[in-house]
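Take a look at the structure below.
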Amino acid sequence: PRLPKIAKSIWTTRFAGLMIMIHGALLALPLPVPFSNFFPAIVLLLLALGRYEEDGVLIGLAAVAVVVNACFFVFVGLLPILGWRVLKGII
């Protein structure tokens with residue numbers, strides 16, 4: 001196991017549980033957007049492997065993937081608003 005202090009921490013367990021709940025809910029959303037299931041699935045895969053193998057490096061990669069996933073969904077959420085403003089400025 002790599003970075004066992006991180007992998008066996010109670011905060012890592014809580015972080016993993018919360019992220020599994022959030023990303024499981026994101027997987028259940030019926031969004032017609034490409035990659036809307038890919039990024040949450042990657043986070044879940046990294047968290048599951050990291051917890052199973054007690055590997056702190058995989059858990060760290062999962063944390064990075066959480067940030068990337070959050071940026072993606074913020075972009076997807078803002079896209080209709082920004083698109084409307086651009087259209088409103090053109091017309």
Within one Ile-Leu-Val-Met-Phe-Trp-Tyr cluster: [X] and [Y], side-chain cutoff 4.5 Å:
{"X": "Met19", "Y": "Met21", "value": "yes"}
{"X": "Phe75", "Y": "Phe73", "value": "no"}
{"X": "Ile81", "Y": "Val74", "value": "yes"}
{"X": "Leu26", "Y": "Val33", "value": "yes"}
{"X": "Val64", "Y": "Phe15", "value": "no"}

Rounded distance (nearest 0.5 Å) linking atom [atom1] of [X] with atom [atom2] of [Y]:
{"X": "Asn69", "Y": "Ile22", "atom1": "CG", "atom2": "CD1", "result": "10.0 Å"}
{"X": "Ile59", "Y": "Thr13", "atom1": "CD1", "atom2": "OG1", "result": "7.5 Å"}
{"X": "Glu54", "Y": "Arg2", "atom1": "CD", "atom2": "CZ", "result": "13.5 Å"}

Answer whether the closest heavy-atom distance between the side chains of [X] and [Y] falls below 4.5 Å.
{"X": "Val68", "Y": "Ile42", "result": "no"}
{"X": "Ile20", "Y": "Leu44", "result": "yes"}
{"X": "Ser36", "Y": "Val76", "result": "no"}

Selection residues 16-51 - residue pairs positive for ring-ring contact (aromatic ring centres under 6.0 Å, His included), sequence neighbours left out:
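Checked against ring-ring contact (aromatic ring centres under 6.0 Å, His included) - neighbours excluded - the pairs reaching residues 16-51 are Phe35-Phe38, Phe39-Phe72.
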Backbone N or O of Leu46 within a donor-acceptor pair of the Arg51 side chain at under 3.5 Å?
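Not confirmed, Arg51 side chain does not pair with Leu46 backbone.
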Donor-acceptor contact present, side-chain Ser9 to main-chain Ile6, <3.5 Å:
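Absent.
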Atom of Gly56, atom of Ala7 and distance for their closest heavy-atom approach:
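Minimum heavy-atom separation between Gly56 and Ala7: N-CB, 3.8 Å.
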